[in-house]
Amino acid sequence: MITIAYIGFGVSVREYHIPYVENREDIRIKYIYRREEDIAQFAEYEPFYPEITFTTDLDTVLRDDEVNLVVVSAPDRFHVPYARQVLNAGKHVLVEKPFAPTAREAAEVFALAREKGLICMPNQNRRFDADFLAVKEVLESGKLGDLVRLESHYDYYKTNGWYDHLGTLYNLAVHTVDQVISLLGMPDATHFDVRSIHHPGVGDDYYDLEFFYGNGKASVNTSMCVLIDYPRFTVHGTKGSLTLPPVVHNSGKKKVVGRHVVSTEPAAEDRWGTLVWMNDAGEKTEEKIPVGCAHYERIYENLVDAIEHGAEKCIKDEEVVRVLEVLEGATDMAKSHAGGTGAEEADTRS
């Protein structure tokens with residue numbers, strides 16, 4: 001049995017964690033810890049979770065022998081300090097994205113986890129988005145042939161950008177870059193185009209990050225100046241092409257005070273993908289690609305297997321470090337190129 005304590009009680013915990021574990025027989029949620037000064041922010045949600053003990057005493061949580069997994073879902077600046085504190089208390093830890101501000105700090109936390117013989121992993125749950133799983137399935141089918149081009153778009157139209165400071169890369173690209181690396185592996189080379197459109201030199205509201213794999217290329221794109229949506233994914237191969245509709249942003253969904261319920265219904269047909277490919281007979285074939293539901297519970301399934309049975313983590317340490325290297329390099333470019341572009345050339349990591 002895995003007994004969990006959550007650090008934090010924001011949207012992430014309420015919508016992307018608790019609903020995916022609350023009905024599992026092999027997982028129990030015992031505590032939610034939040035600082036005294038944070039209680040008022042989401043106090044109206046507490047009565048909907050009577051089975052959970054809410055506390056402002058982290059030491060009590062960390063001294064409880066029943067608790068063997070702590071999930072860190074606090075503001076970004078607390079991720080590394082809390083992860084270290086949890087590991088030093090002898091508990092396994094799952095950390096919300098971004099795992100750390102730098103690749104160096106991430107490597108240090110992973111080293112501490114190995115030293116303690118504990119599991120430490122980021123919650124890169126967007127690997128299990130419904131549309132991304134559909135793309136992965138089509139690529140694995142071989143119908144597209146060899147990959148030539150993959151485009152990943154997560155765009156908005158915001159007249160003042162998303163932030164008046166740096167943060168878009170670490171909040172959005174942390175997922176989309178991770179998706180590319182989880183799907184295709186470590187790139188042979190990278191090229192970055194990062195711009196500060198609305199807040200020159202202090203924002204990162206436009207980026208086009210390119211990843212090269214032999215003759216294939218993947219790109220991760222975000223802009224705050226897109227009023228006509230791109231597809232969420234476009235994939236071209238030597239035998240065909242796939243496109244999926246743009247994402248429906250959570251930011252536009254109405255928030256209801258209450259206990260969040262996860263939908264397991266598949267996406268409506270207007271959210272399905274379109275695959276056009278040449279079959280073995282040389283005939284052009286078109287088919288719709290169903291998009292199911294997200295499977296964020298797979299993070300926890302893997303954690304249970306890793307903690308109780310020694311299974312390999314589904315998100316590898318080296319993948320996390322590489323994603324953070326990309327985010328660091330791209331953010332440095334946003335700082336130094338006020339409204340301009342730059343590139344990380346001749347990156348031969350593999």
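These values consider heavy atoms only, across backbone and side chains, with no hydrogens, waters or symmetry-generated copies.
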Val276 versus Leu242: any side-chain heavy-atom pair under 4.5 Å? no
Hydrophobic cluster membership, with links at side-chain heavy-atom distances under 4.5 Å among I/L/V/M/F/W/Y: are Leu209 and Val226 in one? no
Heavy-atom side-chain contact between Ile18 and Ile32 under 4.5 Å: yes
Tell me, please, which residues at least two apart from Lys91 pass salt bridge (charged side-chain N to carboxylate O under 4.0 Å, His left out). none
Does one hydrophobic cluster hold both Tyr16 and Val256, with members joined at side-chain heavy-atom distances below 4.5 Å? no
Can you confirm if the NZ or CZ of Arg259 lies within 45° of the ring axis of Phe48 and under 6.0 Å from the centre of its six-membered ring? no
Tyr6 OH to Ser73 OG distance, which is reported to the nearest 0.5 Å: 9.0 Å
Can you pull out every salt bridge (charged side-chain N to carboxylate O under 4.0 Å, His left out) where at least one residue sits in residues 100-109? Sequence neighbours excluded, please. Arg84-Glu108, Arg104-Glu108
Exceeds 12 heavy-atom contacts within 6.0 angstrom, atom CG of Asp270: yes
Of all pairs that satisfy side chain to side chain donor-acceptor pair (under 3.5 Å), the ones with a partner from residues 233-244, not counting sequence neighbours: His236-Ser241
Tell me the closest heavy-atom pair linking Ala306 and Ile119, and the distance in Å. CB-CD1, 4.0 Å
Taking salt bridge (charged side-chain N to carboxylate O under 4.0 Å, His left out) as the definition, give me every residue that meets it alongside Glu328, ordered by chain and number, with sequence neighbours left out. none
Would you please test Tyr33 and Thr55 for side chain to side chain contact (heavy atoms under 4.5 Å, CB included) and show each step? CA-CA 5 Å; Tyr33 161 80; Thr55 180; 4.2 Å; yes
By the definition side-chain contact (heavy atoms from CB on, under 4.5 Å), identify the one residue from Val70, Val67, Asp57 that meets it with Leu62. Val70
Give a yes-or-no answer on whether the side chains of His17 and Glu96 include a donor-acceptor pair shorter than 3.5 Å. yes
Determine whether the aromatic ring centres of residues Tyr20 and Tyr296 are separated by less than 6.0 angstrom. yes
What are the two closest non-hydrogen atoms of Tyr213 and Leu184, and how far apart are they? CE2-O, 3.4 Å
Evaluate the side-chain hydrogen bond (donor to acceptor under 3.5 Å, both in side chains) criterion for residues Asp204 and Tyr163: first the C-alpha distance (whole Å), next the side-chain angles of each, then the deciding distance (0.1 Å), finally the verdict. CA-CA 8 Å; Asp204 54 348; Tyr163 301 108; over 6 Å; no
So with a 6.0 Å cut-off around NZ of Lys288, is the heavy-atom count from everything else above 12? yes
For the CD atom of Glu297 and the CG atom of Asn302, what is their distance to the nearest 0.5 Å? 12.0 Å
List the atom pairs, with distances to 0.1 Å, where a side-chain N or O of residues 131-140 and a protein N or O form a donor-acceptor pair under 3.5 Å, not counting sequence neighbours.
none

Ring centroid separation Phe9 to Phe54 under 6.0 Å: yes
I need the Leu112 CG to Asn88 CG distance, nearest 0.5 Å. 5.0 Å
Within 6.0 Å of OH in Tyr230, more than 12 heavy atoms from elsewhere: no
Under 3.5 Å side-chain donor-acceptor pair for Ser223 and Asp155: no
Is there a side-chain contact between Asn160 and His199, using heavy atoms and a 4.5 Å cut-off? yes
Give the intermediate values and the outcome of side chain to side chain contact (heavy atoms under 4.5 Å, CB included) for residues Val80 and Val109. CA-CA 7 Å; Val80 167; Val109 173; 4.0 Å; yes
Any side-chain heavy-atom pair of Val247 and Tyr154 under 4.5 Å: yes
Does Arg195 qualify as a cation-pi partner of Tyr207, given the criterion of NZ or CZ under 6.0 Å from the six-membered ring centre and within 45 degrees of its axis? no
SB check Arg127 Glu319 (cutoff 4.0 Å): yes
Begin from the C-alpha positions of Ile181 and Val323 and carry the test side chain to side chain contact (heavy atoms under 4.5 Å, CB included) through to its verdict. CA-CA 8 Å; Ile181 287 178; Val323 169; 3.9 Å; yes
So the salt bridge (charged side-chain N to carboxylate O under 4.0 Å, His left out) pairs with at least one residue in residues 29-45 (sequence neighbours excluded) are Lys30-Asp64, Lys30-Glu66, Arg34-Glu46, Arg35-Glu37, Arg35-Asp38
Do Met186 and Val180 share a hydrophobic cluster (ILVMFWY, side-chain heavy atoms under 4.5 Å, transitive)? yes
Check step by step if side chain to side chain contact (heavy atoms under 4.5 Å, CB included) holds for Leu244 and Val291. CA-CA 9 Å; Leu244 279 94; Val291 174; 3.8 Å; yes
In this structure, CG of Asp280 is separated from NZ of Lys143 (nearest 0.5 Å) by 10.5 Å
Rounded at 0.5 Å granularity, tell me how far CZ in Arg322 sits from CG in Leu327. 10.0 Å
From CG (Leu94) to OH (Tyr300), nearest 0.5 Å: 5.5 Å
